[in-house]
Structures are given as structure tokens and as C-alpha cells.
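Count residues from 1 along the sequence.
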Amino acid sequence: HPSIGQIPLDHLHIKKREIEELLRQPHHKLFLLIDNFETIDDPELEEWLLTLKEPNKVLITSQKKGFELWNVNLKSMLDSEAIALIRKYAEAKDLNHLLSISDEKLLNLVKITSGNPLAIRLAIGQISGGTLSLEQVVDNLKENNPTASIDLVFDKIHETSWMSIGAKSQQLLLVIPLFTGTDSIEKNALHATCGLTTDEYDVATETLLTWKLLEPNFDDINRFVIHSMTRRFVKSKLFKHQEFEKKARKLWYRYYLEFVSKNVIRKEPKVEYWNALVDDKMEKIDLEWSTIFEVLKWAAAEVSAENDRLLLNLTFLLVHYMDSRFYNLERIKFVELAIGAAYRLENKYQEALLRIDALGWTYVEENKYREAHREIMNGIELAKEVKLESIETNELMALGYAWAARVNIEQGKSELVAEASKLIQVVLKFNDKSQPWIRFRILMAAGDIFLKQNQSKEALDKFKSAKKEMSIYGGEGQYYQN
């Protein structure tokens, strides 16, 4: 049920309702796995989980005790297994001095970390960093931690590592919380966002890998992995560096604007907005979408002329991508925000285009015909005020009337069907003067209207003509609108 997964957090009540309805159906069973639950601060989620009934199952992993329904306390590794793991890490890092240490001394590290593999790995990272010996690491973890609390162990390890890695490595680590919704980060994005030179970045990444604060991604050599516990620690540090965060976010935005541009802008059409029609190379956006979504939210969070331009630029590039992935709620949200930005910037053409095609058409897809008609007609009125070449204004109004006709025909009322027929006949007179991607849309709308009226031959003729128009500018993706 991918459509439920695409409902954004801003519409959480809709997502919850859809999921609850799905779970009420007898043939649906849920097995939900939530890892590292102690890193999640969401009381509503905890309340909702308690409402789940048989046969649905939830498995939660956590460092802390939480739900008391049925706890399974996982035992730590056997001492012999933990020692073998330490030696394996030491061998991988060529830490010969650690390999020569007796099992008895290694056991001190096992005991203070409670045999936790992540804690052991981070502790060995401190040793491989070359500034601390095994004895110093163990003594540091024991200090002010008489109960050997694993939470304090992680806090101590992270804080000691943070103080030891140097300013450049700290700077690199600080930008990691900007990349959300994914357990791995693309290396070029990390480099562009942190503001370090290439040499500084290379040294910093090597340091973080040595200290086990970053991990290589063995599935994709162009990405790094960071554990959620480390991510949570760094997020607390970023909160104390707000000026740095502001600068980093601007670099973050610039990188993703270039990334999106590179992967959505086509050779044809060359016209803004239409040059980002659906294309197969958009697949590269998918892996980065969760972070790009955060970039859009950031651009929309502050109303200013600069942020309005940032939001408009990115939204214009992503409107068709969001349509192709059925991110309709996200598309409605950000297009509405971009319309507000265009209005404040007094860019009537961009506002009209967004109202007619981006917002109006999305409402049609959502079967919200009243909202669709309102936005389309508002867009048409704006288009009449646009002082651009007549072809741009005329084809924008023609597209608007074509979508208005679609709105009417979809509702099925006899008076609206008749009105749709009149509208589409008027629009078709503009067709020869429009550009091919506009003609394609008008012809597709006309074909749909004829089809709804059981005029199959006329509908087929329009669909065939639309396909010819689409071929002029290279189509719209292998699996989209073909």
C-alpha cells in the first residue's frame, strides 16, 4: 500500500485513519519492526502501538525498558565472543598492540560496555584514533559510572570521541542531522554541505571512519552509514551551533538544487517548468527524496524574498517528479506554498501556471473538483493579466480551459458535460498555436472527454494525435503518460 506511505507527517491523522481502516480488514496482518526505539521521541506513536490488536505484531528493539506487555531481555555476548569480536576489529585495523593484549585485560572493556557490539566498536575507534590506550578508554568509561549504565557508556564514548577528533571532523559530523529519513548519506552531498575543502574533507572522513563515527556502506561505495545513536548525539551538538547550521543549510540547499536540476532538466522542452517533465533519469531522485523533502520544508519555513525564490526554484523542478511518484499531498502542500511565494514576488505567470497545472490538476487526480475548478479559474484570471508574449499567455489559458473541461466531465452532471464539450471545442481552436507539450495535454483532455461521451472513434483520434505531439519533445518517461 505505497499510497499510505506517501502521506506526509503534516497529514498524520489521515495516515493513521487509513492504516487503522486497513488493519480492520480480516485478511490484513501487520508485523511492524521498530529498531532503536530509544532514539524516537513520539508519545503519540507509543499510544497508537498500544491500540494494536491481534493478529498484528510489533517487535521493538531498544536499549531501555519501555512497554511492559512482553519484554524479552537479550543477553549480551559471551565473554569469549566479545573478546573474539575485539580481536577481529583490531585485526581489521592493524592494531597489533591490541592483538597482543591478554584476554584478561580485554575483558575489562567487555564488562564496562556490557558486551554491546556498538559500544565495543566505538571504544576501539578511540584506540585506533591513536590518542588513547585500552586502559585509558576503560578508566574513562568507569569514571562517574558506578552502575555501568549503557546510556552513560554511549554518552561518554561519544563525548570523548567528539573532544578528540578535531574541529574539521566536528564540522563534518555536525551536518549529518540535516540528512534525515535515511540510514546512509551520499558522499558528495556531505562534502558540499560541510563547507570543507577537498583535502580537509578527506582527512575528516578518514578520521571519522577511524573513530567509527562513520561507517562505509558496503552496498554503495559512494555513501556513508551512521548509527542512529551517533546521529542522536550529533543532533544535540548541532542545536548548540545554530549560526553554523544556517550556513550549512544554504550549502545543503545549493547542493540539492544542483542535484535535482541535473537529474530532472531535459534537453527538450527548454522552457522553464516544462523542462522538468517526467524522465527516466529521475530515478536518481528517489534515493535522496527524504532529504530533498526536508530541503523543501526548510525553504518554506521562513517567509522572505530570498526563501521565496529558493522555494519557487525547487518546486518548479519537482512538480512533475512528485506527480510521477503519486506524492499528491506533498505536491499540494508545496505548490500552495510556492503560489504564496510567487504572489509575494509579484510573478503572476508563475502563480498562474502553478494554479492551473500543478495545483488544479492535482486536485483533479484527488477527485476534489470544487477545489480544482477554483484554482484553475483563478489561474486563468491571472493569466489574462500576464504581460508576456501572447503565445505563452494564450496557451496557458488554453491549458486552463482544457483542465476546466476535464473537471466538468469528471463530475458526470449533464449540464457540466455539455459545458465541457463547448470548452474543449474552443480550446482546440488554440491548439495549432501552442507548443507540443501543451498540445499533448489539450488533446489528451479532449480524448478523455470524447471517451466519457462514448465517442470512441473521436477519442482514439485525439489520443493518437496526442502521442505524435509527445514524440516531438521526447515523451514523458518510459512508464508515465505513454
Side-chain angles (χ1 to χ4, degrees), residues 31-40 57-161 164 183-184 208-219 224-233:
F31 178 71
L32 177 63
L33 173 61
I34 305 177
D35 196 15
N36 298 303
F37 195 75
E38 73 279 2
T39 66
I40 300 172
K57 306 289 184 185
V58 181
L59 176 61
I60 293 171
T61 70
S62 177
Q63 300 285 348
K64 299 179 180 179
K65 288 185 178 180
F67 297 101
E68 299 299 329
L69 298 179
W70 188 23
N71 284 331
V72 178
N73 293 317
L74 299 180
K75 296 179 180 179
S76 60
M77 291 184 291
L78 297 174
D79 291 346
S80 58
E81 293 172 335
I83 290 170
L85 182 64
I86 293 172
R87 294 196 181 282
K88 181 179 178 181
Y89 287 151
E91 187 174 357
K93 285 292 182 180
D94 291 328
L95 299 175
N96 294 324
H97 61 287
L98 198 57
L99 289 171
S100 64
I101 292 176
S102 68
D103 288 357
E104 183 180 1
K105 288 186 177 180
L106 293 179
L107 193 58
N108 292 327
L109 179 60
V110 174
K111 295 300 184 184
I112 193 60
T113 59
S114 301
N116 183 290
L118 175 62
I120 290 173
R121 189 163 71 243
L122 289 169
I124 291 177
Q126 293 184 346
I127 298 169
S128 61
T131 59
L132 296 173
S133 66
L134 173 65
E135 290 77 10
Q136 288 173 314
V137 169
V138 171
D139 289 344
N140 189 41
L141 294 178
K142 285 181 178 178
E143 187 179 352
N144 299 321
N145 189 14
T147 61
S149 162
I150 190 64
D151 289 333
L152 288 177
V153 165
F154 276 115
D155 289 344
K156 270 279 188 181
I157 291 175
H158 280 125
E159 189 62 44
T160 301
S161 297
S164 304
D183 61 357
S184 66
L208 295 180
L209 287 167
T210 299
W211 286 75
K212 301 295 184 181
L213 297 170
L214 278 183
E215 298 281 354
N217 186 338
F218 295 107
D219 295 325
F224 287 125
V225 173
I226 183 167
H227 194 276
S228 58
M229 298 287 287
T230 304
R231 187 187 291 269
R232 183 178 65 170
F233 170 79

Residues 120-130 side chain polar contacts: donor-acceptor under 3.5 Å, at least two apart:
residue, atom, partner, partner atom, Å
Arg121, NE, Glu215, OE2, 2.9
Gln126, NE2, Ile157, O, 2.9
Gln126, NE2, Ser161, OG, 3.1
Ser128, OG, Ile124, O, 3.2
Ser128, OG, Gly125, O, 3.0
Ser128, OG, Thr210, O, 2.8

Which pairs count as side chain to side chain donor-acceptor pair (under 3.5 Å) when at least one residue sits in residues 90-104, sequence neighbours excluded?
Arg87-Asp103

What residues form a ring-ring contact (aromatic ring centres under 6.0 Å, His included) with His227, not counting sequence neighbours?
none

The test is side chain to side chain contact (heavy atoms under 4.5 Å, CB included); show your working for Asn116 and Val153 and say whether it passes.
CA-CA 10 Å; Asn116 183 290; Val153 165; over 6 Å; no

Heavy-atom side-chain contact between Lys111 and Asp79 under 4.5 Å
yes

Rounded to the nearest 0.5 Å, what separates atom CG in Leu95 from atom CD1 in Ile101?
9.5 Å

Derivation of the side chain to side chain contact (heavy atoms under 4.5 Å, CB included) call for Leu106 and Leu98
CA-CA 9 Å; Leu106 293 179; Leu98 198 57; 4.1 Å; yes

List for me each residue that meets ring-ring contact (aromatic ring centres under 6.0 Å, His included) alongside Phe224, sequence neighbours excluded, and say none if there are none.
none

Worked verdict on Leu213 versus His158 for side chain to side chain contact (heavy atoms under 4.5 Å, CB included)
CA-CA 9 Å; Leu213 297 170; His158 280 125; 4.0 Å; yes

Atom CD1 in Ile34, atom CD1 in Ile60: separation rounded to 0.5 Å?
5.0 Å

Considering only heavy atoms from C-beta outward, does the side chain of Thr230 approach that of Leu214 to under 4.5 Å?
no

What pairs with Lys88 under side chain to side chain contact (heavy atoms under 4.5 Å, CB included), at least two apart in sequence or on another chain?
none

Which heavy atom of Leu109 sits nearest to which heavy atom of Ile86, and what is that distance?
CD2-CD1, 4.0 Å

To the nearest 0.5 Å, atom CG of Leu118 lies from atom OG of Ser228 at 8.5 Å

Quick one: salt bridge (charged side-chain N to carboxylate O under 4.0 Å, His left out) partners of Asp155, sequence neighbours excluded?
none

Kindly write out the residues that satisfy side chain to side chain contact (heavy atoms under 4.5 Å, CB included) with Ser184, not counting sequence neighbours, or none if the list is empty.
Thr182, Asn217, Arg223, Val225

Any side-chain heavy-atom pair from Thr160 and Leu132 closer than 4.5 angstrom?
yes

Using side chain to side chain contact (heavy atoms under 4.5 Å, CB included) as the criterion, list what pairs up with Leu78, not counting sequence neighbours.
Ser80, Glu81

Do Leu85 and Pro117 come close enough that some side-chain heavy atom pair is under 4.5 Å?
yes

